[in-house]
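Predicted model only: the values in this text are computed from it and were never measured. Start at 1 with the first residue, then count along the sequence.
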Amino acid sequence: MENRTTATAPAGRADSNVPGRPAPFRSRSGVRRPIERLCCATGAVLIASGLVHLVVLLVSGGSWGGPVSWRKPVTFGLSFGLTLIAIAWVSSYLRIGVRTRTVLLGLFAADCVLEVAGITVQAWRHVPSHFDMETPFGTGISMTPAVGGGGLVAILSTLPAAAFLRRPGGPPGMALALRAGWGILLIGLLSGAAMIARGVYLTRTGHQLAGYASTASLKPLHGVSPRAVLVLPVLARLLAMTSWSPHTRVSVVRAAAGCYAAALVRAVAAH
């Protein structure tokens, strides 16, 4: 008789050969890998930090708007915490090795902490988060998020490359959800880099108020776009629980991605 062996997917890679199976967010023993536990724990701490500062905002009676507000540590803590947990999950569908993914997620987690810490320090100093250039210390703290932002762009450009170069695993529609979500996320990151670059330039040339005002038009795009990398894959996973055909599920994800992109364009145009 002919001997046959069953090939198993390499450790740390999405078992995309079987489209209906979930990606290996857990190891074969059913336990989350250390880097995933680290990202989830770090994300939870960042979210908790955002909620704590929301309480500070409510108790202090401060304003939600303006260049100096408790809004910044609230939104950054919640946003980076949620995004870190989301990236740890969705990256498990990508066909990349365990070591590569571990390094990228570790760097991303450290960068998230750096970003939120810099914003939080500026809030407690009661100065603008990114554009405080009046003292050497203030300049150093203000440039921390800018440097961290460059790191975010570099790290979060590598993971999407894996999604586009090799088809991700997961149920029908997941590959499209991941690619669309990563693409929209990258647009949001680039818009953030543009906001910081423009604002820093105007501030350094003596136009601090103009520097802050120059970011207004891109804020909706920068604030909402990172959520696409979570919303669209979650939709694909929920659709996998239905009895709909694979074609229908992919069509729903495609329509959702189009609506998400159209809403972002409209939000930017409205400003």
Side-chain angles (χ1 to χ4, degrees), residues 4-40 42-43 82-109 152 154-189 225-258 260-261:
R4 295 183 181 181
T5 57
T6 302
T8 57
R13 299 194 177 191
D15 44 349
S16 58
N17 293 328
V18 185
R21 290 186 187 175
F25 189 62
R26 296 173 184 269
S27 64
R28 297 184 187 278
S29 63
V31 180
R32 284 197 182 107
R33 295 183 174 88
I35 188 59
E36 290 157 355
R37 293 198 299 270
L38 173 64
C39 288
C40 289
T42 304
L82 184 61
T83 301
L84 176 57
I85 294 172
I87 295 298
W89 171 54
V90 300
S91 66
S92 67
Y93 288 95
L94 304 180
R95 294 189 182 188
I96 54 178
V98 172
R99 290 183 180 178
T100 300
R101 180 167 172 261
T102 297
V103 170
L104 290 174
L105 288 180
L107 291 174
F108 181 56
L152 290 176
I155 296 167
L156 295 181
S157 295
T158 305
L159 291 172
F164 284 96
L165 290 175
R166 302 186 66 187
R167 184 178 179 83
M174 182 59 75
L176 174 61
L178 289 170
R179 288 169 173 173
W182 284 115
I184 295 173
L185 171 64
L186 284 176
I187 293 173
L189 288 175
S225 57
R227 250 45 73 206
V229 79
L230 174 61
V231 172
L232 296 177
V234 165
L235 174 61
R237 176 49 65 189
L238 291 176
L239 289 172
M241 301 177 186
T242 70
S243 59
W244 296 353
S245 68
H247 176 74
T248 300
R249 286 182 248 166
V250 172
S251 297
V252 171
V253 173
R254 184 179 294 113
Y260 203 108

Go through the steps for Thr100 and Thr158 under the test side-chain contact (heavy atoms from CB on, under 4.5 Å), then give the verdict. CA-CA 10 Å; Thr100 300; Thr158 305; 5.6 Å; no
Going through the distances and angles, do Leu94 and Trp182 end up as a side-chain contact (heavy atoms from CB on, under 4.5 Å)? CA-CA 12 Å; Leu94 304 180; Trp182 284 115; 4.2 Å; yes
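One finds the CZ atom of Arg227 at 4.5 Å from the OG1 atom of Thr83 (value rounded to the nearest 0.5 Å). Distance check, rounded to the nearest 0.5 Å: CZ of Arg95 to CG of Leu165 gives 12.0 Å. Rounding to the nearest 0.5 angstrom, the gap separating the CG atom in Leu235 from the CE atom in Met174 is 9.0 Å. Atom OH of Tyr93 is separated from atom CZ of Arg237 by 3.5 Å, given to the nearest 0.5 angstrom. In this structure, Leu104 CG and Ile35 CD1 are separated by 9.5 Å, a value rounded to the nearest 0.5 Å. Annotation: the span from Cys39 atom SG to Arg33 atom CZ amounts to 12.5 Å, rounded to 0.5 Å.
By the side-chain contact (heavy atoms from CB on, under 4.5 Å) test, Ser245 pairs with His247, Thr248, sequence neighbours left out. When the side-chain contact (heavy atoms from CB on, under 4.5 Å) test is applied to Ala180, the partners found at least two apart in sequence or on another chain are Leu232, Ala257.
Here the closest heavy-atom approach between residue Pro168 and residue Leu178 is recorded as CB-CD1, 3.5 Å. Val250 and Leu176 get closest at one heavy-atom pair: O-CD2, 3.8 Å. Here the closest heavy-atom approach between residue Thr42 and residue Ala109 is recorded as CG2-O, 4.4 Å. In this structure, Pro172 and Arg249 approach most closely via the heavy-atom pair CD-NH1, 3.7 Å. What you find for Val253 and Gly173 is that their closest heavy atoms are CG1-O, 3.7 Å. Trp244 and Leu239 get closest at one heavy-atom pair: CZ3-CD2, 3.6 Å.
By the 4.5 Å heavy-atom criterion applied to side chains, Trp89 and Val234 are counted as neighbours. A 4.5 Å side-chain heavy-atom check between Leu105 and Ile87 finds at least one atom pair inside the cut-off. Taking the side chain as every heavy atom from C-beta outward, Ile96 and Leu159 approach each other to under 4.5 Å.
Remark: side-chain polar atoms of Arg179 are paired, donor with acceptor, to backbone N or O of Ala163 under 3.5 angstrom. For the pair Arg101 (side chain) and Ala88 (backbone), a donor-acceptor distance under 3.5 Å is present.
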